[in-house]
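These notes are about the structure you will find just below.
Just follow the structure's listing: the first ligand is 1, and inside any ligand the first atom is 1. Count residues from 1 along the sequence.
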Amino acid sequence: MFSLETFVLFLFCSNKQIHIRIMKLLDQKTVVITGAARGIGRAIAIKCAEAGANVAFTDLNYDDNMKSLEAELTKMGVKAKGYASNASNFESSNETVTKIVEDFGRVDALVNNAGITRDNLLMRMTEEQWDAVINVNLKSVFNMTKAVQKTMLSQRSGSIINISSVVGVGGNAGQVNYAASKAGMIGFSKSVAKELGVRNIRCNAIAPGFIITDMTAQLPEDVKKSWYDKIPMKRGGTPEEVAGVVIFLASDLSSYVTGQTIHVCGAMQT
Ligand code: NAI
């Protein structure tokens, strides 16, 4: 049960901005995040550490990005470790989760965040572009969820959070591979929620809209502006705004929320 004593809210008001820092919501919990060396995954890792969680995270290479995140999280006073692991590879995912359980002792939340785009019109899309996106975005979710399942079953608790997309709900021209992978994540989440609910393991999807990261920064300015025009809040979201919803779903605040898709999109899709 979530205890109010452990929920400490610091409210800082400066100029017109209000920053709410939620501490201790994930105290004693271990969170595993895939593809966290940069972008949304990195913001999720930092916010989880702020909330008191120990953080195990993966990315393709043990490079400077990964090392700097490891150092940043450790400085925040939590246990943190980065693992070079390809989430689209079944064996690599299994081996990584085995190491994480050895190092951390438990897995309370898994955030399937690793993702790529290989956009093209269906007419021009190659088999490689289709396979790459399905393997990294969707197969990875199967690999990692299967790998943590045994640990969560023996703990009799767990929260699996899949970073899908509004494109998985509404579709998008030029992204049949990406939309199919993200829609697949939603179907997977609903099914896991129904299969493992009885064991107190929850599974939800988050559908971000247009979030400003390396993935979207490379888009031409006119394309970005056309996206912003379609968003009722008239701006892109930040990785931290997605991370806030991850904290909710990973924490006991959401103990009866499962099988759902939460949109984080400034009402771009309602
Ligand atoms: P990003 O490209 O900035 O970061 C993705 C990370 O995943 C990178 O660090 C990359 O190295 C890693 N990665 C790629 N393939 C991997 C693999 N096989 N195994 C392990 N790690 C791998 O992307 P961003 O924007 O941070 O996106 C994160 C997630 O959010 C993705 O699943 C993306 O589809 C989703 N998303 C992003 C939106 C956006 O507007 N940026 C909108 C909706 C969803």
| request: Quick one: list whatever passes side-chain hydrogen bond (donor to acceptor under 3.5 Å, both in side chains) with Thr34, sequence neighbours left out. | output: none
| said: Does the Lys NZ or Arg CZ of Lys230 fall within the cation-pi geometry relative to Trp227 - under 6.0 Å from the ring centre and within 45° of the axis? | reply: yes
| query | Which pairs with one or both residues in residues 163-174 pass side chain to side chain donor-acceptor pair (under 3.5 Å), sequence neighbours excluded? | reply | Asn172-Gln175
| query | With Thr238, which residues qualify under side chain to side chain contact (heavy atoms under 4.5 Å, CB included), at least two apart? | reply | Glu240, Glu241
| remark: Expected contact list for ligand 1 at under 4.0 angstrom, heavy-atom basis, is Gly35, Arg38, Gly39, Ile40, Asp59, Leu60, Ser85, Asn86, Ala87, Ser88, Asn113, Ala114, Gly115, Ile116, Val136, Ile163, Ser164, Ser165, Tyr178, Lys182, Pro208, Gly209, Phe210, Ile211, Thr213, Asp214, Met215, Thr216
| query | Does Phe57 have Lys81 sitting over its ring (NZ/CZ under 6.0 Å from centre, angle to axis within 45°)? | reply | no
| Proximity of Tyr228 and Phe210 rings by center, below 6.0 Å | yes
